[in-house]
Enquirer: 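Below you will find the structure I want to go over with you.
In what follows, chains carry the letters A, B, and so on, assigned in the order in which the sequence lines appear, proteins first and then strands, with residues in each chain numbered from 1.
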Amino acid sequence: MPRHGAKHTSILVSERLTPAMSAARREDRPVVTRIAPSPTGYMHIGTARTALFNWLFARGRGGKFLLRIEDTDRERSSPEATAAILKGMTWLGLDWDGEAVSQFDQKDRHAAVAHEMLAKGAAYKCFSTQEEIEAFRQAATAEKRSTLFHSPWRDADPATHPDAPYAIRMKAPQTGETVIDDKVQGAVTFRNDLLDDMIVLRSDGTPTYMLAVVVDDHDMGVTHVIRGDDHLANAARQTMVYDAMGWQVPVWAHIPLIFGPDGKKLSKRHGATGVEEYQIMGYPAAGMRNYLTRLGWSHGDDEFFTTGQALEWFNLEGIGRATARLDFKKLENLCGQHIAASDDAALLHELEAFLAASGKTKLTSAQRHKLLAGMYCLKERAKTFPELIEKAEFALNDRPVLPDVASAKSLDVVSRGILETLPPRLQSVSWTKQTLEPILTEHAAANGIGFGKLAAPIRAALAGRSATPSVYDMMLVLGRDETIARLQDAA
RNA sequence: GGCCCGUUCGUCUAUCGGUUAGGACACCAGGUUUUCAACCUGGGAAGAGGGGUUCGACUCCCCUACGGGCUGCCA
């Protein structure tokens with residue numbers, strides 16, 4: 001059987017549509033995807049990747065990409081966490097259509113749907129208390145029996161209903177199977193008798209996740225649900241809600257989760273679980289997008305690509321089925337390539353955003369100009385913004401240059417003497433690499449040293465550190481007067 | 001425990017029954033070099049294990065092992 005394109009969808013699909021028709025319709029309508037994070041902390045890097053996949057899929061097809069905050073858990077949801085999600089999305093350049101939707105705001109609609117299911121006979125009132133259920137589960141576990149809870153109220157006569165709080169449970173089919181036609185995992189079959197009657201509305205009247213996602217996805221017109229494969233089993237239960245309501249089931253694509261470099265679940269221990277941390281570490285957004293897109297998805301042997309290409313190439317078929325590990329070395333490599341390929345002004349703009357996000361001091365107008373002038377040579381040697389700043393130090397700082405320990409070693413007596421005689425030769429030549437190059441080569445030769453021996457003290461004089469652009473580039477960026485002044489300072 | 005998913009170089013992956021199993025990152029060696037970054041050349045490096053099916057399996061099926069997910073009035 002082919003991995004993709006299995007013709008059957010849920011066997012519980014509504015009567016008016018044959019499965020084949022249903023599948024065809026789903027896949028032909030304009031694409032609408034969404035990312036639905038729960039605001040319970042920072043924005044997880046895995047959530048960011050899922051968001052990216054959804055964004056790529058929708059935007060690449062002229063569809064819509066929506067953002068819904070799953071904040072039905074009032075205890076754990078916070079406005080700060082929501083803000084972190086919005087911020088992370090914005091940083092990665094993942095724009096969503098319309099306003100971010102609060103799932104909590106739809107609670108009345110969710111409750112209405114639960115009652116509609118009740119009225120249709122697709123759900124029932126369950127008066128079992130949480131204590132009773134808990135006791136049952138404990139006993140079942142102790143006796144090594146199935147912990148699947150079968151509510152005694154499923155077929156109870158309403159006349160026997162007590163005047164007590166109740167939860168509304170889905171009246172799930174007890175025989176047959178539910179098949180998820182997943183674009184990544186293929187056809188996955190679940191036996192219905194192994195699934196319980198899940199609660200759709202809690203006894204306090206609030207909806208559960210299982211109900212809320214389905215209602216919201218339906219109401220928002222979501223056509224493709226691309227999410228972590230930890231939801232694969234949930235898809236079967238959710239399918240039952242779609243079927244009970246006679247709604248069209250979306251196209252499913254459950255993507256493998258990502259893990260830390262050690263293959264273990266990504267945790268705080270790895271140092272970077274939140275997208276904000278990546279921003280603070282100074283990775284450019286384009287590099288992050290490239291890396292995250294390539295992690296678990298492929299388009300032949302393409303490794304480095306622009307967001308435009310990703311938009312054009314991204315598809316569900318290219319998503320792998322195995323879990324992937326984060327590889328910071330590869331992330332850095334890709335980021336370096338993106339920095340080098342960036343437009344100077346855009347790079348400067350992103351660099352300033354990085355400075356702000358990481359709490360570093362802002363650039364002065366003069367620094368901004370120097371940086372822009374030197375960007376052509378700086379961007380080729382940095383993989384992250386901190387690296388770029390380190391190499392731009394020479395252009396950012398004013399005189400006097402304070403050499404660090406390593407570069408100070410290059411400024412011994414002999415070298416200083418050699419530096420001292422250099423300015424006169426630079427005084428009135430044209431300030432281009434073409435004319436500067438022979439002058440420096442000649443100066444080195446005149447002093448009986450190789451160019452490398454001359455470059456070191458010049459580098460120390462101009463930058464005060466050892467990792468910098470080439471001495472020519474620094475001279476060009478600094479300009480004649482500043483260059484000469486620094487050489488004289490050091491000599 | 002039950003159900004479900006996964007398993008190709010260290011890592012991300014290509015392969016969609018017939019390849020010397022390819023690429024990228026990383027690594028090692030050499031070269032280039034003006035530091036850093038980059039660059040050039042070369043190298044080592046993989047189908048979890050066992051059964052099938054087939055003229056032929058990395059590819060299809062089964063079992064095992066390992067990893068992961070679900071099994072909540074969390075999402």
Enquirer: Between B/C58 and B/A24, how far apart are the P atoms? Round to whole Å, please.
Expert: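 It works out to 24 Å between them.
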
Enquirer: Pick the C1' atom in B/A46 and in B/C9, then give their distance to the nearest Å.
Expert: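 One C1' to the other, the span is 4 Å.
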
Enquirer: When you compare B/U20 with B/C16, how far apart are their P atoms, in angstrom units rounded to a whole number?
Expert: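 The same atom, P, in both gives a distance of 14 Å.
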
Enquirer: Send over the distance from A/K453 NZ to B/U35 P, rounded to a whole Å.
Expert: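 So the NZ-P distance, A/K453 to B/U35, works out to 11 Å.
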
Enquirer: What is the separation between atom CG on A/L388 and atom P on B/C36, rounded to the nearest whole Å?
Expert: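 In whole Å, B/C36 P lies 17 Å from A/L388 CG.
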
Enquirer: Roughly how far apart, to the nearest Å, are B/G23 and B/U35 at atom P?
Expert: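 Result for the P pair: 30 Å, nearest Å.
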
Enquirer: Roughly how many Å apart are B/U7 and B/U59, using the P atom of each and rounding to a whole number?
Expert: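 It comes out at 11 Å once rounded to the nearest Å.
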
Enquirer: Do we get A/R74 above A/F104's six-membered ring, with its NZ or CZ under 6.0 Å from the centre and within 45° of the axis?
Expert: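 Flagged: A/R74 positioned over aromatic ring of A/F104.
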
Enquirer: Within the 3.5 Å criterion, strictly below it, is a donor on A/H161 or A/Y124 matched to an acceptor on the partner's side chain?
Expert: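 There is no such pair between these side chains.
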
Enquirer: Within the 4.5 Å heavy-atom criterion, are A/N333 and A/K383 side-chain neighbours or not?
Expert: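 No, too far: nothing below the 4.5 Å cut-off.
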
Enquirer: Kindly say whether, by distance alone, the side chain of A/D301 makes a donor-acceptor pair under 3.5 Å with the base of B/G22?
Expert: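 A donor-acceptor contact between them is present.
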
Enquirer: How long is the line joining CG of A/D196 and C1' of B/C3, in whole Å?
Expert: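 In whole Å, B/C3 C1' lies 12 Å from A/D196 CG.
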
Enquirer: Please name the nucleotide paired to B/U59 by Watson-Crick or G-U wobble geometry with both distances under 3.5 Å, or report none.
Expert: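 When the pairing criteria are applied, nothing turns out to pair with B/U59, so the answer is none.
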
Enquirer: Separation of A/R321 atom CZ from B/A14 atom P, in whole Å?
Expert: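 Nearest whole value for this atom pair: 10 Å.
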
Enquirer: Between B/A48 and B/G72, how far apart are the P atoms? Round to whole Å, please.
Expert: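 Looking at atom P only, B/G72 and B/A48 are 34 Å apart.
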
Enquirer: If you go through the side-chain atoms of A/K391, does one of them form a donor-acceptor pair with the base of B/A37 closer than 3.5 Å?
Expert: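 Side chain to base: no pair present.
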
Enquirer: Please evaluate the base of B/U11 for a donor-acceptor partner in the side chain of A/R325 within a cut-off of under 3.5 Å?
Expert: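 No pair found.
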
Enquirer: Distance between the P atoms of B/G1 and B/U11, in whole angstroms?
Expert: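 Rounded to whole Å, the distance is 27 Å.
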
Enquirer: Is NZ or CZ of A/R289 both nearer than 6.0 Å to the six-membered ring centre of A/Y291 and within 45° of the ring axis?
Expert: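 Not flagged: A/R289 not positioned over aromatic ring of A/Y291.
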
Enquirer: Across all strands, who's sitting opposite B/U20 as a Watson-Crick or G-U wobble pair, both distances under 3.5 Å?
Expert: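 No nucleotide pairs with B/U20.
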
Enquirer: Would the base of B/C73 count as contacting A/S203 through its side chain, where contact means a donor and an acceptor less than 3.5 Å apart?
Expert: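 Per atom types, the contact qualifies.
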
Enquirer: Any donor-acceptor pair, under 3.5 Å, between the side chain of A/R381 and the base of B/C36, if you only look at N and O atoms?
Expert: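 In this structure, the two groups form a donor-acceptor pair.
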
Enquirer: Can you tell me the distance, in whole Å, between the CG atom of A/D302 and the P atom of B/G23?
Expert: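 My rounded result for the distance is 15 Å.
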
Enquirer: Taking B/A57 as the reference, what is the distance to B/U19 when you measure between their P atoms (whole Å, please)?
Expert: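 It comes out at 11 Å once rounded to the nearest Å.
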
